[in-house]
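In what follows, every chain begins at residue 1, and chains take the letters A, B, ... in the order their sequences are listed.
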2 protein chains.
Amino acid sequence: MNGREVNIVLKYEQIANDIRNKIVNDTFSVNSQLPLEKEIMKEYNVSRITVKKAYDILVEEGLIIKRRGRGTFVKDIDEDTALLFAKSRQFLGFSTNMAQSSIETKVSFFQVELPDEDVQKKLKIGPNDWVYHFIRTRYKDGQPVVIEYTFMPMELIPGITMEVLENSIYHYVEEDLKLKIQSAHRIITAYTPNEEQKKLLKLKDNVPVVNVEEITFLDTGKPFSFTQNVHNSEIFQYVSITTK
Amino acid sequence: MNGREVNIVLKYEQIANDIRNKIVNDTFSVNSQLPLEKEIMKEYNVSRITVKKAYDILVEEGLIIKRRGRGTFVKDIDEDTALLFAKSRQFLGFSTNMAQSSIETKVSFFQVELPDEDVQKKLKIGPNDWVYHFIRTRYKDGQPVVIEYTFMPMELIPGITMEVLENSIYHYVEEDLKLKIQSAHRIITAYTPNEEQKKLLKLKDNVPVVNVEEITFLDTGKPFSFTQNVHNSEIFQYVSITTK
DNA sequence: TAGTGGTCTAGACCACCGG
DNA sequence: CGGTGGTCTAGACCACTAA
């Protein structure tokens with residue numbers, strides 16, 4: 001047996017999942033040394049490069065560090081923080097991300113229009129390419145959390161309806177249109193909300209908003225969504241890890 | 001000849017650099033197909049996995065996309081944006097990051113103290129482990145840009161002086177102490193500045209600040225710095241890429 | 001069906017670390 | 001010096017795409 005991907009779960013994913021669980025469960029505790037690559041090779045009966053790839057995933061997630069000549073170790077952070085950051089690596093839609101709690105969506109604006117210059121530039125389309133333009137407010141447990149101002153090219157993502165908007169666009173794009181979402185570019189800024197935003201998000205006086213500008217790409221390399229996500233800064237944080 | 005790392009520049013880095021340059025220079029233009037892995041193998045006389053690793057770097061940087069069964073393509077974004085995001089992947093100190101312009105640093109507070117509970121938790125130290133505590137304001141072209149409130153464990157990073165603070169701590173840690181900085185965990189939030197911050201950053205009324213809380217780790221896995229970076233939101237943006 | 005990138009193996013030399 | 005992870009090779013089978 002040589003070929004891979006026979007199982008849906010890849011070997012390096014399986015190993016990474018196992019070890020991530022053991023770190024979160026404290027089976028491998030903070031600062032402790034993890035099994036050598038050689039040991040994992042034997043335990044899972046895989047080659048060394050496969051072990052390396054599994055460990056590299058956890059390095060990217062900020063959970064572990066590797067030192068040449070020494071070994072691999074659990075990073076010195078508490079489990080809560082570890083989990084927070086590990087989760088942040090996962091690429092999820094905004095509704096999917098909060099699976100547990102009750103999520104509601106109100107669509108306050110929805111039309112098809114021609115794009116202005118900024119939208120043309122961000123979505124890489126021409127002035128005569130129609131776009132959906134819609135505004136949604138998301139509620140978690142009855143409280144407004146974020147306003148989303150979105151543009152999507154009609155040609156690339158046809159068939160958007162109110163029903164789609166009230167549920168998950170990501171689900172529609174991936175499951176119904178069978179397209180693959182590949183990456184997102186984000187620019188985070190902050191500013192004072194205008195009156196409408198203040199009202200929609202039920203903000204107290206002097207509470208700013210965090211603006212997450214997001215361009216989302218399909219696996220074709222084409223941008224399919226340009227969104228300004230305006231968050232209540234009192235209940236929002238953006239989490240990020242950088243590795244050298 | 002088989003071994004690697006003989007040259008300081010690794011093969012996959014060299015290939016990634018070449019191709020990145022050609023994308024930025026428009027030799028490989030937006031949406032165009034890049035050479036097949038097979039072709040790069042011949043051109044550079046390397047194995048396929050090495051080519052794959054080089055291309056994967058550019059995928060992480062958000063510059064290109066790969067499609068099984070099709071090939072590898074330049075992402076459909078303008079060169080300016082591409083460069084902005086590619087740069088954001090690079091791990092640099094804040095002074096290093098703005099190499100071109102004139103950077104000034106004013107140290108307004110500097111003492112050694114015992115850490116409170118939050119600092120203990122973030123730096124993973126005990127209540128009796130002394131820490132440096134200092135506050136710096138950074139100026140770019142004469143304008144205040146960011147206030148940094150930093151705690152560093154004395155035991156890990158000895159010998160901090162005013163002179164070090166007025167220059168680059170990163171440089172001191174890496175070049176003088178010969179320690180290696182490996183990763184940073186960041187949490188981005190926003191809020192209304194207090195009077196002192198407003199004054200230090202010369203903020204107009206109703207301009208919020210962006211707070212980047214940053215814990216920086218050595219290659220030993222130990223946190224060596226806990227900083228709150230308070231930015232003027234009118235001139236600051238945080239850039240981030242997520243890949244599935 | 002031909003050709004792409006994705007995963008995986010077995011084996012090699014290397015740089016770095018500690019005793 | 002022995003042992004670690006880092007890089008790299010040559011070769012294999014696989015899933016997916018397009019014609």
Side-chain angles (χ1 to χ4, degrees), chain A residues 1-17 19 32-60 64-75 174 178-180 182 218-222 243-244, chain B residues 1-17 19 32-60 64-75 178-180 182 218-221 243-244:
Chain A
M1 197 84 62
N2 210 5
R4 312 306 116 43
E5 287 181 89
V6 181
N7 307 307
I8 296 158
V9 180
L10 307 170
K11 290 189 180 182
Y12 64 80
E13 270 184 0
Q14 184 59 57
I15 298 171
N17 290 342
I19 292 173
S32 64
Q33 179 159 15
L34 290 167
L36 302 180
E37 296 189 348
K38 201 195 300 181
E39 292 167 353
I40 302 282
M41 283 171 71
K42 277 186 192 168
E43 185 181 342
Y44 289 88
N45 194 30
V46 295
S47 75
R48 199 178 138 218
I49 286 191
T50 302
V51 178
K52 177 169 155 43
K53 194 159 182 182
Y55 272 165
D56 282 344
I57 290 174
L58 302 177
V59 169
E60 280 295 303
I64 69 174
I65 59 105
K66 303 206 277 189
R67 304 181 72 187
R68 198 196 298 214
R70 292 286 294 274
T72 305
F73 302 83
V74 182
K75 226 178 197 174
E174 296 218 300
K178 301 289 179 197
L179 299 173
K180 280 176 198 160
Q182 205 261 355
L218 296 176
D219 71 342
T220 60
K222 293 216 175 301
T243 308
K244 210 171 195 177
Chain B
M1 198 84 63
N2 209 5
R4 312 306 116 41
E5 287 182 87
V6 180
N7 306 309
I8 297 158
V9 180
L10 306 171
K11 289 189 181 180
Y12 63 80
E13 271 185 358
Q14 184 58 57
I15 297 171
N17 290 342
I19 292 173
S32 66
Q33 180 159 15
L34 291 167
L36 302 180
E37 296 189 347
K38 201 194 301 180
E39 293 167 353
I40 301 283
M41 283 171 71
K42 277 187 192 167
E43 186 179 343
Y44 289 88
N45 194 31
V46 295
S47 76
R48 199 178 137 217
I49 285 191
T50 302
V51 178
K52 178 171 155 41
K53 195 159 183 183
Y55 271 165
D56 282 344
I57 290 174
L58 302 177
V59 169
E60 280 295 305
I64 69 173
I65 59 107
K66 303 206 277 188
R67 304 181 72 185
R68 197 195 301 215
R70 293 284 296 274
T72 305
F73 302 83
V74 181
K75 226 176 195 174
K178 301 289 180 197
L179 298 172
K180 280 177 198 159
Q182 205 259 357
L218 296 177
D219 72 342
T220 61
T243 308
K244 210 173 193 175

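In this structure, A/M41 places its CE atom 8 Å from P of C/dA10, rounding to the nearest Å. Atom CD of B/Q182 is separated from atom P of D/dG6 by 10 Å (rounded to the nearest Å). Protein atom NZ of A/K178 is 15 Å distant from nucleotide atom C1' of D/dC16, rounded to whole Å. Between the OH atom of A/Y55 and the P atom of D/dT7 there is a distance of 17 Å, rounded to whole Å. In this structure, the CG atom of A/L10 is 9 Å from the C1' atom of C/dG6, given to the nearest Å. A straight line from NZ of A/K53 to P of C/dC8 spans 7 Å, rounded to a whole angstrom. If you take CG of A/D219 and C1' of C/dG5, they are 12 Å apart, rounded to a whole angstrom. Remark: P of C/dC8 and OH of A/Y44 are 14 Å apart, rounded to the nearest angstrom.
At a threshold of 4.0 angstrom between heavy atoms, the contacts of B/Y12 are confined to the sugar-phosphate backbone, with no base atom among them. Within 4.0 Å of A/D56, counting heavy atoms only, lies no atom of the nucleic acid at all. Nucleic acid contact class of A/N45 (heavy atoms, under 4.0 Å, all strands): sugar-phosphate only.
At the phosphate of C/dC16, neither OP1 nor OP2 sits under 4.0 Å from any side-chain N or O atom of A/R67. Applying the 4.0 Å criterion to OP1 and OP2 of D/dT4, one finds that A/K38 has a side-chain N or O inside that range. A/T72 has a side-chain polar atom (N or O) that falls below the 4.0 Å cut-off from OP1 or OP2 of D/dG5. The shortest distance between the side-chain N/O atoms of A/K66 and the OP1/OP2 oxygens of D/dT4 is not below 4.0 Å. Regarding contacts with the backbone of D/dT9, a side-chain N or O of B/K11 is found under 4.0 angstrom from either OP1 or OP2. B/S47 has no side-chain polar atom (N or O) that falls below the 4.0 Å cut-off from OP1 or OP2 of D/dG11.
Both B/E39 and A/G69 lie close to DNA chain C; mapped to their nearest nucleotides by heavy-atom distance, the more 5′-ward contact belongs to B/E39. Remark on DNA chain D: of its neighbouring residues A/K180 and B/V51, the 5'-side contact belongs to B/V51, judged by nearest-heavy-atom nucleotide. With DNA chain C read from its 5' end, the first of the two nearest nucleotides for B/I49 and B/L36 is the one closest to B/L36.
Of the candidates D/dT7, D/dA18, D/dT9, the closest approach to any side-chain atom of A/K52 belongs to D/dT7. Looking at the side chain of B/R68, the nearest of the listed nucleotides D/dC16, D/dG6, C/dC8 is D/dC16. The A/T50 side chain lies nearest to C/dT9 when the options are D/dT4, C/dT9, C/dT4.
A distance of 10.5 Å separates CD1 in A/I64 from CD in A/E60, rounded to the nearest 0.5 Å. Interatomic distance, CD1 of A/I15 versus NZ of A/K53, reported as 12.0 Å (0.5 Å rounding). Once rounded to the nearest 0.5 Å, the distance linking OG1 of B/T50 with CD1 of B/I40 reads 12.0 Å. Atom CG of B/L58 and atom NZ of B/K66 lie 9.5 Å apart (nearest 0.5 Å). Interatomic distance, OG1 of B/T243 versus CD1 of B/I65, reported as 11.5 Å (0.5 Å rounding).
A donor-acceptor contact under 3.5 angstrom links the side-chain atoms of B/R48 to the base of C/dG6.
Nearest heavy-atom pair across A/V46 and A/K11 is CG1-CD, 3.7 Å.
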